[in-house]
Colleague: 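Let me begin by handing over the structure; questions about it come next.
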Amino acid sequence: MTKQIAIIGGGYGGLSAAYDLARSGFSVTIYEAEPSLGGLAGSFELSSGVWLEKFYHHWFSSDRAIMDWLREIGAGDLIEEKSSQTGLYYANSIFRLSSPFDLLSFSPLPLIDRIRTGLMVLAARRVRDWRTLEQESAEEWIRRLAGRRSFEVIWCPLLKGKFGAVWRDVAAVWFWNKMKLRGGSRGKGAKETLFYLRGGFRAALERIEVTLRTLGVAICCGESVARIERKEAGDIQVVTTSGVHHFDAVLVTTPLPPFLSMVPSLPEEYRSRCAQIPFLGNVCLVLRLRRSLSSTYWLNVADSAFPFVGVIEHTNFDSPEQYGGEHIAYLSKYLPTTDPLYHMGDEELVQYTIPHLQRLFPEFAPDWIIGSSVWRAQYSQPVVIKNYSSLIPPFRTPIEGIWLSTMAQIYPEDRGTNYAVQYGRRVAAEMAASLGTTS
């Protein structure tokens, strides 16, 4: 008799695990609380037939796991290589920072500090064992390698913009990984090369869904899970909005806090350790504009008065023609979900944002805005603190038959669709080896 597996969460981690488990001979059912698949890489409809991600996404050249998987399922033709421009807003000016040559021209820093900052990026690429960084904060590591002035001008405002009040808690491992990814995505002429999908992530999800259904995977969207409980060996009870279901094993791919709520019988020591991992939420404002704000794709803002971590102008990366000639900009903020900004009404948030945009882009006028959408995620970013590895739970939970693969377990890498796939396929292999395919 074929063993039954439930996967909780229809993001890329759950989808890739479902693919491998179904191919290994298991009967797989996915439960996704949202109306559609994708998780934090889910999309919304801008206009008839035009879709866009709720939260901005791209891949680095090192993101092989997800691109190889898409090729494996026959969606490799959607992957497109694109160049990008990165910039930094500082002291009322925008500076390009897309290459080492741009850094050498960054006049707010003395030459020696520009050189030290460049050497810090090179040093990040030479780190062979991330464990050597586990007991150091990002602030300590940057100050040591790039110097005080580089930290205060560039990195401190960006850390504060990303992590808010907990920025000092961020470990060097998290920052090192970001430097490694950026440095490793340079192409010819030291330009940054990134990857995206023709038709956006929606196009890939459509291919993935067809592939999974062909393999016999049952996909239940709009169905949330209230409780998961082991009744006896080989019987894991999953209580959803549609009723009570029984499985041989369950894989949970939701963020860690909802998982802890779903499984009340977890041992207290395990629960306490998991609860030590802090999370930030995210509010993301998507603006549809008549005109472009600048020529920069990713504009980091080193200004504590600006309420967002940066301005990501998507149509400086993917062509405006893909979006009916409109220009698309994301303004994103990581924050505690108790922050008033998180609870601001959608139109209130737009009006709050306008004067901040006018300060960065003096030509910008409110009538440039054609439309807007606001998206919120309660658990968007685990905060990687010092000695983070000691907190990470393994795939196999203390309750036999219940498995876990979430963004909080991705380490030393940072969460994202590439590592969701990598870890999803890894946990699927462990489950298949442990369970076998017949009962």
Colleague: For W51 and F201, I'd like to know if the aromatic rings sit close, meaning centre-to-centre distance below 6.0 Å.
Modeller: no
Colleague: Any cation-pi pair here, R148 with F151, using under 6.0 Å and within 45°?
Modeller: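 Negative - R148 is either too far from the ring of F151 or too far off its axis.
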Colleague: Does K82 make a cation-pi contact with Y196, if we ask for NZ or CZ under 6.0 Å from the ring centre and within 45° of the axis?
Modeller: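 No cation-pi geometry.
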Colleague: Would you call the rings of F44 and W375 parallel, tilted or perpendicular, where under 30° means parallel and over 60° means perpendicular?
Modeller: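 It falls in the tilted class, 30° to 60°.
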Colleague: Measure the acute angle between the ring planes of W69 and Y12, then classify it against the limits of 30° and 60° as parallel, tilted or perpendicular.
Modeller: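 The rings of W69 and Y12 stand perpendicular, inter-plane angle above 60°.
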Colleague: Report the C-alpha separation of Y352 and H356 in whole Å, then their side-chain angles, then the decisive distance to 0.1 Å, and conclude whether the ring-ring contact (aromatic ring centres under 6.0 Å, His included) test is met.
Modeller: CA-CA 8 Å; Y352 171 79; H356 292 287; 5.2 Å; yes
Colleague: Between W59 and T417, is any side-chain donor less than 3.5 angstrom from a side-chain acceptor?
Modeller: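 A donor-acceptor contact under 3.5 Å links the two side chains.
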Colleague: Between W176 and K180, is there a cation-pi geometry (under 6.0 Å to ring centre, at most 45° from the normal)?
Modeller: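 Judged by the rule (NZ or CZ under 6.0 Å from the ring centre, within 45° of its axis), K180 counts as positioned above W176.
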Colleague: Evaluate the ring planes of Y90 and F95, with Trp represented by its six-membered ring, and classify them as parallel (under 30°), tilted (30 to 60°) or perpendicular (over 60°).
Modeller: tilted
Colleague: In terms of side-chain geometry, is the basic nitrogen of R202 or E45 positioned less than 4.0 Å from the acidic oxygen of its partner?
Modeller: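 No, this pair does not count.
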Colleague: Under 3.5 Å, sequence neighbours excluded: what are the donor-acceptor pairs made by side chains of residues 163-174?
Modeller:
unit_1 : atom_1 : unit_2 : atom_2 : d
R168   : NH1    : E139   : OE1    : 2.8
R168   : NH1    : E139   : OE2    : 3.2
W174   : NE1    : D414   : OD2    : 3.2

Colleague: Between Y388 and Y411 (judged by ring centroids, cut-off 6.0 Å), do the two rings come close enough to count as a pair?
Modeller: yes
